[in-house]
Every structure is written in C-alpha cells, then in structure tokens.
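Remarks on the structure that follows.
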There are 2 protein chains.
Amino acid sequence: MAKLQKSIDKRNALVKATIDLVNNNGFHATPMSKIAKMAQVSPATIYLYFENKQDLVNQTYIEVKTEYTNYAFSTYDESMSVEVGFELIWKRIADFKLKECEYAMFLAQCDNTPMIDEPIRIEGIKHLQPLLDLWSRGKKEGLIKPLSDYILYAYAINPLSFLMITQKRGTFQLSESHIEEAYQAAWDSIKVNK
Amino acid sequence: MAKLQKSIDKRNALVKATIDLVNNNGFHATPMSKIAKMAQVSPATIYLYFENKQDLVNQTYIEVKTEYTNYAFSTYDESMSVEVGFELIWKRIADFKLKECEYAMFLAQCDNTPMIDEPIRIEGIKHLQPLLDLWSRGKKEGLIKPLSDYILYAYAINPLSFLMITQKRGTFQLSESHIEEAYQAAWDSIKVNK
DNA sequence: TAACTAAAAATGAACGTTCATTCTTTTTTT
DNA sequence: AAAAAAAGAATGAACGTTCATTTTTAGTTA
C-alpha cells in the first residue's frame with residue numbers, strides 16, 4: 001500500500017509555469033498543453049493536482065496573494081507607531097512589487113480581469129486587514145485623513161502597481177530615489193496636513 | 001455599380017459588443033460567434049469590417065482610448081493656469097471613468113494584460129500629451145513636484161482606475177464627496193508643499 | 001538485502017467540443 | 001443587372017479533458 005505523496009515540486013512547477021505564461025501571453029493564449037510542457041509534465045498530470053484550468057488559476061492566485069501579503073507584513077507589528085508602521089509596510093510592498101514583479105504582474109492581471117472566480121478574489125482581499133487596522137489607528141490619532149479604506153488604498157498602495165507595470169514593460173526605469181519620491185507622494189496624499 | 005458603404009451602425013454594434021463581452025467574460029471567454037450574436041450579425045460579417053479577432057480588439061482599444069482622451073481634454077485649453085487646468089482635466093477624467101465605466105473597465109483590462117498588440121498600446125499613450133505639457137509647465141512654475149511623468153500619473157490619475165473598478169464591482173459606492181476627497185489626495189500627492 | 005506486489009503517480013494518445021476563419025450562396029443596394 | 005454586403009454552413013486547427021496504459025513508489029515477505 002503506497003502513501004499519497006504527489007510531488008510538491010511538480011505542483012510548484014505548474015504554478016510557476018502558469019504565472020509565467022499568463023504574464024507573457026495572457027490567460028486566453030495559455031493552453032494547458034503549454035503549461036504542461038513548461039512544467040515538464042504531461043497534460044494529464046495537471047489534473048492530478050488541479051480540478052481543471054479554472055481551479056489552477058484560482059489556486060495560483062491565492063498562493064501568490066498570500067505570498068505577497070506575508071511579505072508585506074512580515075516585519076511589521078502593531079506596537080509600532082502609525083508613521084513607522086506605514087513606511088515599513090509601504091516599503092515592503094514596494095520591494096515585493098519590484099523584486100518579485102512576476103508575481104505582482106500576475107496579481108495585477110487577475111485583479112483587472114474576470115479570469116478569477118469572484119469568491120476567490122474576495123478571499124484574497126481579507127489578507128490586507130493589518131493595513132486597514134493601521135489606517136484606522138492613524139485616523140483616530142488624527143494623522144491620517146478620515147477617508148474610506150478604498151480611497152486610501154487607491155492613493156497609498158495602488159500606484160505601485162502602475163509603476164511596476166511600466167517598469168516591467170521597459171518604458172521606465174525605477175531607481176532607489178524614485179522609490180523614495182513615490183513614498184513621499186503616497187504619504188502626502190493620505191496624511192493630514194497640519 | 002454600387003458604392004462601398006458598409007454600415008457604420010454595424011461596425012459600432014460590433015465594437016460595443018466586444019467591450020460588453022470582454023468586460024463581463026474576459027477576452028479568453030469572448031468568441032467571435034458571441035460577438036456576432038450580440039451585434040445581431042453573422043460571424044462572417046465581422047470579417048468585412050475587421051481583419052481578424054486581434055484587429056477587432058486593437059481597433060476597439062484605440063477607439064475607446066480616443067474617446068477617453070477627447071473627453072478628458074475637451075474643456076481644457078493651454079491658457080488656463082496650472083491649478084485650474086489640472087483640476088479641470090482631473091475632474092473630466094473622473095467623470096468619464098465613473099459615468100462611462102464600461103469604457104474605462106475595458107481600458108483597464110487592456111492596459112493590464114497582453115491582449116492588445118504592443119505598438120497599438122503605445123500609440124494610445126500619445127493621446128495624453130496635453131496633460132504631460134501641463135505638468136511640465138507646473139514643474140517650471142514650482143507648483144508641481146519635479147517628478148517623472150510616470151510617477152505623477154501613478155499618483156494623480158491612476159488611482160481613479162482602481163476606484164472605478166471597486167465601484168463597478170459593487171464593493172464600494174462612490175459619491176460626489178468621495179470625488180472631492182480623491183481630488184484633494186491627488187493634488188496633495190503631486191503639489192509642492194510650501 | 002532482494003524479490004514481490006499493490007496502489008499511486010504519471011503518461012501519451014485520443015475524444016468530443018469549440019473556436020476563428022473561409023467558402024458558397026443569397027440578399028440588398030444603386 | 002451588376003457589384004457590394006451579408007449570411008449560414010462548412011472547415012481545419014486547437015483546446016480542455018479523459019482514457020487506457022505504463023512507471024514509480026514504498027511497504028511486505030523471504
């Protein structure tokens with residue numbers, strides 16, 4: 001009697017191939033056959049790890065989103081001041097989006113198309129809670145404008161996605177000093193003007 | 001001898017159907033047959049107006065992008081002050097993204113995936129020139145931070161895309177006062193702090 | 001340790017379907 | 001009546017998925 005022990009490496013290779021191909025060709029031009037080939041696996045093998053193509057991209061999305069938020073919050077704890085905490089989280093996110101831009105691009109594509117099942121996308125949003133809590137604290141302390149979380153996110157975090165994409169497309173080279181400028185713009189947009 | 005006079009209505013119906021279906025199902029789940037059905041046209045007829053599917057989405061993209069920028073700049077002229085001009089353009093863009101959100105969603109999807117041919121996407125960017133000129137003027141006058149256009153765009157304009165999408169998904173209801181707050185955040189992020 | 005075995009894992013080929021596109025014919029226009 | 005526009009049916013290729021089979025794995029026996 002053998003044990004259930006499908007290779008985690010193979011699963012990872014499939015997820016990685018999915019990200020790579022979807023990034024470069026889009027979901028519509030990423031057939032299962034190509035994913036299998038890139039992962040060095042038979043097409044049939046994919047179905048041992050995933051129910052179908054939709055399940056494959058759903059799981060890939062959740063996995064990447066989790067990696068993203070884990071990275072964002074791994075050096076933060078709630079005892080930090082609002083300013084310090086925000087700068088720390090913001091810079092971790094910037095770091096992730098620029099260094100792991102394959103992951104970030106994949107998320108951007110998922111978040112701007114109907115390729116992910118809606119319940120899965122909504123689940124992915126929950127991971128941001130620590131940031132929302134930080135903002136709530138900042139508003140109470142009169143440091144952060146009393147705006148909806150969506151607006152705060154739109155100005156403080158989302159611009160990084162745009163910059164990452166232009167960077168990836170080669171249109172624009174982001175340097176360290178640009179990161180500092182971007183951070184300043186982010187903070188200026190949400191901080192209370194004294 | 002007949003005149004070449006393909007119906008502009010039919011072409012428009014095809015473009016509209018493309019936007020609608022791509023918005024709701026994604027490019028990967030938008031077959032020509034469905035586009036034809038929604039436009040009340042035979043699949044073969046599409047090929048009288050467009051070379052192929054790629055050409056159809058390319059042309060749709062350019063058309064929507066043109067409509068977008070025309071709307072954005074239609075009330076602006078270069079004799080305006082930087083502050084007034086920026087507020088005017090910004091609010092026109094906000095208007096467009098929220099009122100014509102079918103168009104705006106389609107653009108967001110195109111700009112975040114490889115579904116549009118790269119040369120076509122690049123052509124679409126040129127339409128923003130008046131805004132870049134305004135910023136250049138603002139920088140010279142010391143009103144706008146001396147940042148790269150990409151960073152300015154990321155903070156001043158792009159957040160509207162994020163807000164439009166959350167609004168469209170029903171996650172968040174944007175009111176008039178939110179628009180005013182968002183405008184303030186946009187301006188705060190790019191204006192020089194005195 | 002070496003041979004055996006049964007279940008799990010993996011495969012390549014095959015299936016039925018769907019797709020983009022084209023072909024042939026009909027309808028409309030002038 | 002002639003040419004353009006439009007149509008429906010047809011085509012071949014490509015797709016997601018499944019099937020029948022082989023290979024690998026790991027526990028058991030000798």
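The structure displayed is predicted, hence computed values, not measured ones. Here is the naming used below: chain letters follow the sequence lines, and residue numbers restart at 1 for every chain.
With rounding to whole Å, B:H28 atom NE2 is found 12 Å from C:dA20 atom P. D:dA4 atom P lies 14 Å from atom OH of B:Y49, rounded to whole Å. In this structure, B:E51 atom CD and C:dT22 atom C1' are separated by 15 Å, rounded to whole Å. Distance CZ (A:F27) to P (C:dC19): 14 Å, rounded to an integer number of Å. Rounded to a whole Å, the CG atom of A:N25 is 11 Å from the P atom of D:dC15. For A:R11 and C:dA10, the CZ to P distance is 13 Å, given to the nearest whole Å. Whole-Å rounding puts the A:L21 CG to D:dC15 C1' distance at 15 Å.
Every residue two or more places apart in sequence or in another chain was checked for a ring-ring contact (aromatic ring centres under 6.0 Å, His included) with A:F50, and none qualifies. The ring-ring contact (aromatic ring centres under 6.0 Å, His included) search around B:F27 returns A:H28, not counting sequence neighbours. Every side-chain contact (heavy atoms from CB on, under 4.5 Å) that A:A17 has, sequence neighbours left out, goes to A:I35, A:M38, A:A39.
Within 4.0 Å (heavy atoms only), A:F50 reaches no atom of the nucleic acid at all.
The stretch residues 34-44 of chain B participates, sequence neighbours left out, in no side chain to side chain donor-acceptor pair (under 3.5 Å) pair at all. Identified under the ring-ring contact (aromatic ring centres under 6.0 Å, His included) test for residues 29-48 of chain B, with sequence neighbours left out: none.
Residues from residues 30-48 of chain A placing a heavy atom under 4.0 Å of any atom in DNA chain D, listed by number, are A:T30, A:P31, A:M32, A:A44, A:Y47.
Residues B:S7 and B:D9 bring no donor and acceptor atom of their side chains to less than 3.5 Å of each other.
Phosphate proximity of C:dA10 to A:K10: present, with a side-chain N or O under 4.0 Å from OP1 or OP2.
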